[in-house]
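Everything on this sheet refers to the single structure shown next.
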Amino acid sequence: MYAFPVLASLLAIVSASPAPMPDGTATVPIPTIGPCTDVYKPHAHIIATPLNPPVGGLQLTYDSPTGRATLTKEGFYSLWDFSNGGVGQQPDCGKTKLWLNIDPVATEYRPLYWNKTQITTNWSASYGYDLVAKETKQYNTTDVFIACLPLYSVVKNPPWYLFLLTPTTVPLDLAPSLKGFDTKSCVKTRLTVEVPTYP
């Protein structure tokens, strides 16, 4: 009476088992449906340091309409790719990676922006250390950035926009790259990659 259901159950268990490899080990099937395994990998913020007002502790992210790199209270909590001199923000579950790039055209107060293509290859970065732009033909090695508020904003707490600070004699208020920004708000900062945690 119960033989058929029991036999069916046993067949289901046997058919679900991984097939043995020629050397006798069992293969582990790759799941096609299930939670994203990226959430179990180390994640970290990149934060403004030292932790002094007004930007200290704010987190690196981006302004979605422009792709510009910004600092806000809630930034990327992410996997990071520091390969090939880059800083790549890797969203969970294989979504499109974004690369942090330095504007190659500006000659001072160089804007930072995110792009799907890695253009900047002179970053030096790792977990637990400051983000450094290594020397190029245009500027010396630097780990100093400036963060500025937009001159006009329709939101109550606008993000701080980031620029790489390289040697220049051009005053802030005369720099073409800072047009549209409140240069009186600009402050120097560093960017530190946190020691990673698991979400």
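These numbers come from a predicted model, not from an experiment.
Side-chain contact between T70 and L162 is absent, with no heavy-atom pair separated by less than 4.5 Å. Contact annotation: the side chain of C148 approaches that of I146 to within less than 4.5 Å [non-hydrogen atoms, C-beta and beyond]. Within the 4.5 Å cutoff, no side-chain heavy atoms of W160 are placed close to those of F145. The closest side-chain heavy-atom distance from P54 to V187 is below 4.5 Å. The shortest distance between side-chain heavy atoms of Q89 and L100 does not fall below 4.5 Å. Put simply, the side chain of R190 reaches to within 4.5 Å of the side chain of T49, judged on heavy atoms. You'll find the side chain of L98 reaches within 4.5 Å of the side chain of K116, heavy atoms only.
With hydrogens and angles ignored, the 3.5 Å screen pairs no side-chain donor or acceptor of S153 with any backbone N or O of P150. Although no hydrogens or angles enter the test, the distance criterion places a donor-acceptor pair under 3.5 Å between the side chain of T142 and the main chain of V144. A donor-acceptor pair under 3.5 Å is absent between the side-chain atoms of N84 and the main chain of G86, judged by distance alone. No side-chain donor-acceptor contact under 3.5 Å links T117 to the backbone of I119. Looking only at distances, a side-chain donor or acceptor of N101 sits under 3.5 Å from a matching main-chain atom of T120. Counting only distance, with no hydrogens or angles, the side chain of W123 and the backbone of S83 share no donor-acceptor pair below 3.5 Å. Side chain of T72 to backbone of P159: no donor-acceptor contact under 3.5 angstrom is found. For the pair D182 (side chain) and L149 (backbone), a donor-acceptor distance under 3.5 Å is absent.
A chain of hydrophobic side-chain contacts below 4.5 Å, direct or via other Ile, Leu, Val, Met, Phe, Trp or Tyr residues, connects L191 to V193. When the side chains of ILVMFWY residues are joined at heavy-atom separations under 4.5 Å, either directly or via intervening members, I47 and L71 end up in two distinct hydrophobic clusters. Residues Y113 and L131 fall into different hydrophobic clusters, defined by Ile, Leu, Val, Met, Phe, Trp and Tyr side chains chained together at heavy-atom separations under 4.5 Å. Taking hydrophobic clusters as Ile, Leu, Val, Met, Phe, Trp and Tyr residues chained together by side-chain heavy-atom distances below 4.5 Å, L164 does not share a cluster with F181. Put simply, W114 and F163 are part of two different groups of oily side chains (I, L, V, M, F, W, Y) that touch within less than 4.5 Å, one to the next.
Y139 does not carry R110 over the face of its six-membered ring by the limits of under 6.0 Å from the centre and within 45° of the normal.
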With a 3.5 Å cut-off and sequence neighbours excluded, list the donor-acceptor pairs that the side chains of residues 55-63 form with protein atoms.
residue: Q59; atom: OE1; partner: H45; partner atom: NE2; Å: 3.4
residue: Q59; atom: OE1; partner: G75; partner atom: N; Å: 2.7
residue: D63; atom: OD2; partner: T66; partner atom: OG1; Å: 2.6
residue: D63; atom: OD2; partner: Y161; partner atom: OH; Å: 3.4

Please tabulate, for side-chain N and O atoms in residues 165-180, each donor-acceptor pair with protein atoms closer than 3.5 Å (sequence neighbours left out).
residue: T168; atom: OG1; partner: V170; partner atom: N; Å: 3.0
residue: S177; atom: OG; partner: E108; partner atom: O; Å: 3.2
residue: S177; atom: OG; partner: Y109; partner atom: O; Å: 2.9

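Taking a 6.0 Å sphere around OH of Y129, one finds it holds 12 or fewer heavy atoms contributed by other residues, nucleotides or ligands.
When the options Y127, F76, Y77 are evaluated for a ring-ring contact (aromatic ring centres under 6.0 Å, His included) with H43, the one that passes is Y77.
The aromatic rings of W80 and F82 lie parallel to each other, with less than 30° between the two planes, well short of the 60° mark.
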